[in-house]
Amino acid sequence: MTGSIADTSASLRRDFFQSYPAEAVHYIEELPSEQIAEVLQSLPHALSVSIWEMLSPVIGARVLANLDDKSIQQVLSRIDPNRGALVLSSLADEERKRYLGLLSPHVIQDFERALSYEPDSAGALMNTRLVYYTRDMKVRDVVKKLRVHKQTGFRVLFITDDENTLTGIVELQDLVLARRENRLGDMILPAKAIARVTTLREELLDIFEKQRLTELPVVDTDGHLIGIIQHHILIDAAREEAAVDMQTMVGVSKDERALSKASFAIKKRLPWLQVNLATAFLAAAVVGVFEHTIAQVTALAVLLPVVAGQSGNTGAQALAVTMRGLALREVWPRHWLRLVFKEFNVGLWNGIAVALTTALGVYVWSQSLGLCLIIGLSMVASMIIASVSGALIPVLLIKAGQDPATSSSIFLTTVTDVMGFLSFLGIATLLMGMI
């Protein structure tokens with residue numbers, strides 16, 4: 001008799017999960033994790049997997065902790081890798097690695113592919129500790145669910161349908177003021193903005209700024225809600241990236257920190273310092289070619305730093321603007337000709353203005369019209385070259401498959417120093433008779 005009752009109970013449970021999966025999921029998500037595990041293990045494998053894929057990732061992660069290794073291996077081997085990846089991403093790194101270690105190599109490969117996102121994409125920045133809410137849930141049930149799962153830091157609830165497709169949002173303040181019998185569907189609002197998993201950080205920042213959001217939902221290619229990006233996380237990531245860019249532009253490893261070991265810092269910095277030394281020798285070699293010219297007119301040696309410094313600052317300005325444009329997707333490498341044309345004009349007119357001021361100062365100092373003409377022409381030439389170089393160097397790095405922030409300033413300094421010295425001393429050699 002007891003066996004018959006148990007069989008009937010199991011049959012009714014199976015029929016309930018098969019006929020009303022969404023309602024069944026809402027019911028079991030309110031149970032303790034160990035009871036959810038027992039319920040899922042009592043279902044046929046195919047049905048159990050379909051229910052697993054409908055569970056909120058944070059709940060699924062807690063349920064996994066109540067299974068033995070064999071059961072975990074069976075669940076993760078059968079579940080869709082994209083849904084399974086959401087569950088695994090809710091776990092600590094060590095726990096996630098342990099679970100993956102239970103799987104076969106081809107399953108691990110599928111999960112790793114599902115877990116891999118571009119470092120500056122929405123997928124890499126999102127919080128996947130989700131609890132799903134549907135529009136037919138009552139306020140009292142939602143409040144109970146919030147208390148059980150203790151999600152903090154969110155000001156809105158993201159509402160999904162039975163297939164976890166995002167359908168709208170509910171403000172927490174509306175939930176607090178609503179009657180306990182009201183349904184979320186009575187308070188639902190359209191989401192102001194949605195990010196795709198591949199949306200890049202610069203576009204995410206733009207969305208947050210324009211929409212004045214605190215949380216942004218992230219969906220996959222099918223519109224399924226897979227994560228939430230919080231504003232403070234995005235700002236922290238942008239700040240970190242800015243710091244990394246500052247380091248890599250001058251040849252410092254992005255992995256180095258202020259209190260990193262000296263040996264680590266030396267290992268990362270020394271190669272680029274050697275490169276910088278080689279470029280310095282190149283600039284010195286250019287000066288050495290015109291040693292005879294400098295020996296005849298010592299005033300040229302005094303004015304060399306003026307030309308080099310001005311062209312260096314000009315190139316740095318062009319590099320900063322171009323880097324920002326590339327980072328914010330305002331320009332693309334295919335726009336290189338427009339960038340060159342723009343920076344050529346900027347370098348030309350800024351060069352003329354600076355050359356006039358410089359020539360005036362040199363005339364007051366030396367009373368030599370010839371020296372004024374030489375430094376004026378070289379100033380225009382070096383500033384044009386510096387502006388164009390500042391725009392081209394990051395584009396060329398992208399074309400070469402490199403990060404445009406990586407050591408751009410080292411290459412730019414080489415170009416501006418060499419070309420600044422070459423233009424100044426070359427023009428001085430040609431116009432020596434006027435000095």
Side-chain angles (χ1 to χ4, degrees), residues 20-33 36 51-63 82-83 85-87 89-91 122-123 125-197 199 204 207-208 210-220 222-235:
Y20 306 99
E23 290 80 358
V25 168
H26 295 161
Y27 169 73
I28 66 171
E29 282 189 339
E30 296 179 1
L31 300 175
S33 300
I36 299 176
I51 298 301
W52 264 102
E53 292 178 351
M54 296 178 66
L55 286 175
S56 297
V58 65
I59 297 175
R62 292 172 183 170
V63 175
N82 290 317
R83 303 302 303 169
L86 288 180
V87 175
S89 61
S90 300
L91 300 169
L125 297 170
M126 66 185 179
N127 181 350
T128 58
R129 299 181 62 82
L130 299 176
V131 176
Y132 295 124
Y133 302 91
T134 57
R135 59 190 309 138
D136 60 340
M137 293 181 68
K138 292 184 178 181
V139 170
R140 65 165 183 265
D141 298 325
V142 173
V143 172
K144 181 180 178 181
K145 205 168 186 177
L146 285 169
R147 287 172 177 166
V148 169
H149 299 296
K150 296 181 175 63
Q151 282 192 303
T152 59
F154 293 106
R155 297 185 182 182
V156 298
L157 301 180
F158 295 93
I159 313 304
T160 61
D161 61 16
D162 294 342
E163 296 182 350
N164 298 328
T165 301
L166 182 66
T167 59
I169 64 171
V170 169
E171 300 279 353
L172 275 185
Q173 64 179 15
D174 294 337
L175 181 74
V176 172
L177 297 174
R179 296 179 180 275
R180 291 174 56 82
E181 297 301 317
N182 285 4
R183 297 183 183 275
L184 291 182
D186 300 330
M187 300 173 278
I188 195 168
L189 299 170
K192 291 183 179 179
I194 297 173
R196 297 288 178 183
V197 70
T199 302
L204 294 172
I207 293 173
F208 271 99
K210 288 181 179 178
Q211 300 296 335
R212 303 295 181 184
L213 302 174
T214 55
E215 297 98 26
L216 178 66
V218 181
V219 299
D220 61 16
D222 297 319
H224 300 142
L225 180 66
I226 60 173
I228 306 296
I229 296 178
Q230 294 172 280
H231 184 263
H232 69 92
I233 296 296
L234 184 61
I235 295 301

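The model shown is predicted, which means the values in this text are computed figures rather than measured ones.
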Would you name the heavy atoms of [X] and [Y] that are closest together and state the gap between them?
{"X": "I28", "Y": "I51", "result": "CD1-CG2, 4.0 Å"}
{"X": "L184", "Y": "T134", "result": "CD1-O, 3.4 Å"}
{"X": "Y132", "Y": "N164", "result": "CD1-OD1, 3.5 Å"}
{"X": "W52", "Y": "V63", "result": "CH2-CG1, 3.5 Å"}
{"X": "R196", "Y": "D220", "result": "NH1-O, 2.9 Å"}
{"X": "Y133", "Y": "K145", "result": "CE2-CD, 3.9 Å"}

Gap between atom [atom2] of [Y] and atom [atom1] of [X] - 0.5 Å precision:
{"X": "T165", "Y": "I159", "atom1": "OG1", "atom2": "CD1", "answer": "13.5 Å"}
{"X": "I169", "Y": "K192", "atom1": "CD1", "atom2": "NZ", "answer": "7.0 Å"}
{"X": "I194", "Y": "L166", "atom1": "CD1", "atom2": "CG", "answer": "5.0 Å"}
{"X": "I207", "Y": "L216", "atom1": "CD1", "atom2": "CG", "answer": "5.5 Å"}
{"X": "E29", "Y": "L31", "atom1": "CD", "atom2": "CG", "answer": "10.0 Å"}
{"X": "R140", "Y": "N182", "atom1": "CZ", "atom2": "CG", "answer": "11.0 Å"}

Are any of the side-chain heavy atoms of [X] and [Y] separated by less than 4.5 Å?
{"X": "L157", "Y": "L172", "value": "yes"}
{"X": "K138", "Y": "E181", "value": "yes"}
{"X": "L189", "Y": "V156", "value": "no"}

Whether [X] side chain and [Y] backbone form a donor-acceptor pair below 3.5 Å:
{"X": "T199", "Y": "L204", "answer": "no"}
{"X": "E215", "Y": "R155", "answer": "yes"}
{"X": "R180", "Y": "V139", "answer": "no"}

